[in-house]
There are 2 protein chains.
Amino acid sequence: MKRSSRLSIALHALVHLYAQPGKQLTSAALATCLMTNPVVVRRILGELRQAGIVAASKGPSGGWMLSRPAEEITLRQIYEAMGERLLIRTESDPGDVTCAIVRSVDRVMNEFLDDAEALLAARLQRVRLSDIATNAAQAGFPRLD
Amino acid sequence: MKRSSRLSIALHALVHLYAQPGKQLTSAALATCLMTNPVVVRRILGELRQAGIVAASKGPSGGWMLSRPAEEITLRQIYEAMGERLLIRTESDPGDVTCAIVRSVDRVMNEFLDDAEALLAARLQRVRLSDIATNAAQAGFPRLD
DNA sequence: CCATAATGTAACAATAAAAGTTACATGAAA
DNA sequence: TTTCATGTAACTTTTATTGTTACATTATGG
């Protein structure tokens, strides 16, 4: 598996939960769907649980479910709940900070990336889980203009 | 060193070249500044060379220099020359594509990321190497609005 | 024209990040 | 109170990136 499939796994799991409303799906069941490990599922959904996006219950007949309507779950919430970065941050060597050029480049890049990240977050806020689940089969994905 | 410092290294090297116009800097000299290895410098600048951003000459007194004025070098050109991604792409397991939900999530995310990447590329086009080099000491970095 | 000094590149090693796995504690339901 | 789920820590495996070594290639200048 390639790098950082966390977000893909999260969305995949959420769509599965959306597709079976009222039903609680276990980590093991989801892991089978996502072709991964139950612990990986728990780790990722655990972050979404802390953000109030999903809820988990233990014991027999336990499992995961959406804790809010899919219309009220935005991509931005999911990203932020996972502590994911939209943009690749290029990091300099820590020992390098004495160089004025390094500091300048870092600062300039970070300012740009902060702005860009805010811009993208605003866009992501417009996309709801229900959009993904219902519109996925068509081409009508919300555009960025 | 952390993940993907390629871009940081590239910018750092370019600013160094800009700071000493007319002078050819060797991979070894740049590597010392960037606290990395000469071969790493050659690999990265080699990509910029193919894009016509820098030029290299061999032999004694050889080295690297900008092949265009810094005013005509944009961040976008640098990104594209390096084949870098602005956005983190979340990839699904290849064996997973039989699942309709995976395909849908992938397609939706890719459409979003394609749009977002185009948007950011347009913004990056406005930032010139000379902006970074000269404005770095101030806060006046071109804003994204 | 030959010694020198640079790039160009392939092949390999080391490192770091992500994912996968095992193990077990905790808690709820029947 | 047994069962079956989550919660989480610790460890291993895998993969991507970076660093390193080695050497061919090429240009310079005495």
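Computed from heavy atoms alone, side chains included, the values below leave out hydrogens, waters and symmetry copies.
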Output the rounded distance in Å from CD (B:Glu47) to P (D:dT17).
12 Å
In whole angstroms, how far is the P atom of D:dA16 from the CZ atom of B:Arg6?
14 Å
Please tabulate, for side-chain N and O atoms in residues 42-50 of chain B, each donor-acceptor pair with protein atoms closer than 3.5 Å (sequence neighbours left out).
| from | atom 1 | to | atom 2 | distance (Å) |
| --- | --- | --- | --- | --- |
| B:Arg42 | NE | B:Ser27 | OG | 3.4 |
| B:Glu47 | OE2 | B:Arg6 | NH1 | 3.0 |
| B:Glu47 | OE2 | B:Arg6 | NH2 | 3.1 |

Nearest whole angstrom, please: distance from the P of D:dT20 to the CG of B:Asn37.
5 Å
Quickly work out the A:Ile9 CD1 to C:dA18 P distance and round it to whole Å.
13 Å
Quick one: salt bridge (charged side-chain N to carboxylate O under 4.0 Å, His left out) pairs with a partner in residues 70-82 of chain A, sequence neighbours left out?
A:Arg76-A:Glu80
Nearest-Å distance, CG (B:Leu34) to P (D:dT17)?
19 Å
Rounded to whole angstroms, how far apart are CG on A:Leu7 and P on C:dA19?
11 Å
If Ile, Leu, Val, Met, Phe, Trp and Tyr residues are connected whenever their side-chain heavy atoms lie under 4.5 Å apart, and connections chain through other members, are B:Tyr79 and B:Met82 in the same group?
yes
What string of B, S and - do you get for nucleotides 6-12 of chain C 5' to 3' if you count protein non-hydrogen atoms under 4.0 Å?
BBBBBB-
List the atom of B:Leu34, the atom of B:Ala13, and the distance in Å for their closest heavy-atom pair.
CD1-CB, 4.0 Å
Stem segments of DNA chain D by first residue number [Watson-Crick or G-U, under 3.5 Å, at least 3]
C:1-30 with D:1-30
Using modelled atom types only, decide if a donor and an acceptor are shared between the side chain of B:Glu111 and the backbone of B:Val108 within a distance under 3.5 Å.
no
Can you list every pair that meets ring pair (Phe, Tyr, Trp, His ring centres under 6.0 Å) and has a residue in residues 14-38 of chain B, with sequence neighbours left out?
B:His12-B:His16
Identify, with sequence neighbours excluded, every residue that meets side-chain hydrogen bond (donor to acceptor under 3.5 Å, both in side chains) alongside A:Ser57.
A:Gln24
Over how many whole Å does the gap from A:Gln24 atom CD to D:dT6 atom C1' extend?
11 Å
How many angstroms lie between atom CD1 of A:Ile78 and atom CG of A:Leu14, to the nearest 0.5 angstrom?
5.0 Å
